[in-house]
Amino acid sequence: MSKARENRSERSISATLDTGVVPYEKGRFSTVAGSTPGALGFTKGSVVQEFYYDDDVDMDLRASIETDTGQELVDEDYGDVADGAIIWWRLQDGDVEDLTDLIVDASGNLEDGGIVWVLSPKTSSPDYVEPAEIAEAAKTAGLHATSTISAAASWQGTKLTTRARGR
């Protein structure tokens with residue numbers, strides 16, 4: 001690893017630990033501290049199902065996921081078990097109930113412990129979605145919104161996980 005890249009990695013880890021926010025680096029997603037290696041926590045061989053793909057998605061982020069998993073993303077019509085899902089969600093895509101339904105659909109094919117990420121435009125976009133809306137939809141769908149990160153130049157990502165037992 002080059003010295004410059006090593007220093008940048010150390011700064012990214014430090015920024016993540018200090019602020020809880022993962023910095024965006026063009027062309028490469030910075031992995032959440034402590035997560036499984038790879039873009040958004042997906043590992044080599046993971047099958048990742050993609051929902052609500054459109055021409056505004058971040059192609060660098062998609063390519064990063066495909067590189068890290070070694071597989072192309074599968075579309076929402078995929079009928080087998082997936083290891084994770086990404087949902088591209090914009091304000092114009094619907095309301096909280098619509099997002100809840102989509103999260104239920106996305107989690108329906110997931111292997112136990114599968115990861116769901118809701119990717120939404122950042123605050124500067126007219127299609128920005130309030131994190132509280134994502135958290136409400138996740139809760140209604142039986143999941144828990146755990147962290148929000150800067151996933152790409154124009155997109156933030158909210159990680160959804162299963163709720164711990166007893167809650």
Side-chain angles (χ1 to χ4, degrees), residues 16 21-96 98-123 125 127-131 133-163:
T16 301
V21 175
V22 179
Y24 169 73
E25 180 180 323
K26 181 159 178 53
R28 178 72 193 142
F29 176 80
S30 301
T31 304
V32 177
S35 72
T36 308
L40 302 176
F42 301 123
T43 59
K44 194 63 120 179
S46 293
V47 174
V48 179
Q49 192 170 16
E50 180 178 41
F51 294 83
Y52 277 41
Y53 172 90
D54 206 341
D55 60 0
D56 64 343
V57 303
D58 189 275
M59 297 307 284
D60 286 340
L61 180 57
R62 291 182 83 249
S64 180
I65 295 168
E66 290 177 342
T67 297
D68 289 331
T69 63
Q71 300 195 56
E72 290 184 13
L73 297 171
V74 296
D75 68 17
E76 52 198 67
D77 295 326
Y78 181 74
D80 206 348
V81 177
D83 300 297
I86 59 171
I87 298 170
W88 301 96
W89 187 258
R90 307 145 195 90
L91 183 62
Q92 68 182 1
D93 289 329
D95 58 20
V96 173
D98 295 322
L99 180 55
T100 300
D101 290 343
L102 185 55
I103 292 169
V104 169
D105 291 345
S107 59
N109 286 351
L110 287 186
E111 184 73 43
D112 287 343
I115 302 169
V116 177
W117 283 92
V118 176
L119 302 166
S120 59
K122 290 186 176 176
T123 56
S125 169
D127 273 331
Y128 171 73
V129 178
E130 290 289 336
E133 290 184 24
I134 296 171
E136 179 183 339
K139 182 178 180 182
T140 304
L143 299 177
H144 178 69
T146 59
S147 58
T148 299
I149 59 164
S150 177
S154 299
W155 293 85
Q156 61 190 13
T158 303
K159 184 177 183 179
L160 309 182
T161 61
T162 56
R163 293 182 160 289

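As the structure is a computational prediction, the values presented were derived from the model and not from experiment.
Nearest approach of Ile134 to Ser120, heavy atoms of both residues: CD1-OG, 3.8 Å. Contact detail for Tyr52 and Arg90: the closest heavy-atom pair is O-NH2, 3.1 Å. Nearest heavy-atom pair, Lys122 versus Ala153, reported as atom, atom and distance to 0.1 Å: NZ-O, 3.4 Å. Here the closest non-hydrogen pair linking Ile87 and Ala106 is CD1-CB, 3.8 Å. Closest non-hydrogen pair, Ala145 versus Ala138, comes out as N-CB, 4.2 Å.
With contacts defined as side-chain heavy-atom distances shorter than 4.5 Å, the pair Arg62/Val57 qualifies. Residues Leu61 and Trp88 are in side-chain contact: their nearest non-hydrogen atoms beyond the backbone lie under 4.5 Å apart. Counting heavy atoms from C-beta outward, Leu143 and Thr162 have side chains that approach closer than 4.5 Å. Contact of the Val116 side chain with the Leu110 side chain is registered, since non-hydrogen atoms from C-beta on lie closer than 4.5 Å. The shortest distance between side-chain heavy atoms of Phe42 and Ile65 falls below 4.5 Å. Contact of the Val47 side chain with the Asp80 side chain is not registered, since no non-hydrogen atoms from C-beta on lie closer than 4.5 Å. Annotation: side chain of Val96 is in contact with side chain of Thr100 (closest heavy-atom distance under 4.5 Å).
Asn109 places a side-chain N or O within donor-acceptor distance of the main-chain N or O of Tyr78, the cut-off being under 3.5 Å. Thr140 places a side-chain N or O within 3.5 Å of a backbone atom of Glu136 that can act as its donor or acceptor partner. A donor-acceptor pair is defined here as one N or O able to donate and one able to accept, closer than 3.5 Å; such a pair exists between the side chain of Thr146 and the backbone of Lys159. A donor-acceptor contact shorter than 3.5 Å is absent between the side chain of Glu133 and the backbone of Asp95. Looking at Gln71, its side chain does come within 3.5 Å of a backbone N or O of Gly45 through a donor-acceptor pair. A donor-acceptor pair is defined here as one N or O able to donate and one able to accept, closer than 3.5 Å; no such pair exists between the side chain of Asp101 and the backbone of Asp98. Between the side chain of Trp89 and the backbone N or O of Leu99 there is no donor-acceptor pair closer than 3.5 Å. Between the side chain of Asp75 and the backbone N or O of Asp77, at least one donor-acceptor pair lies under 3.5 Å. Ser46 contributes no side-chain N or O that, together with a main-chain N or O of Val48, makes up a donor-acceptor pair within less than 3.5 Å. Under a 3.5 Å cut-off, the side chain of Glu66 and the backbone N or O of Glu72 do not form any donor-acceptor pair.
If you take CD1 on Ile103 and CG on Leu160, they are separated by 5.0 Å, rounding to the nearest 0.5 Å. Separation of atoms CD1 (Ile115) and CD1 (Ile86) is listed at 12.0 Å; rounding is to 0.5 Å. Here the CG atom belonging to Leu40 is positioned 5.5 Å from the CH2 atom belonging to Trp117, to the nearest 0.5 angstrom.
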Next on the checklist: Using side chain to side chain contact (heavy atoms under 4.5 Å, CB included), reason through Leu102 and Val118 one step at a time and then give a plain yes or no.
Outcome noted: CA-CA 10 Å; Leu102 185 55; Val118 176; over 6 Å; no

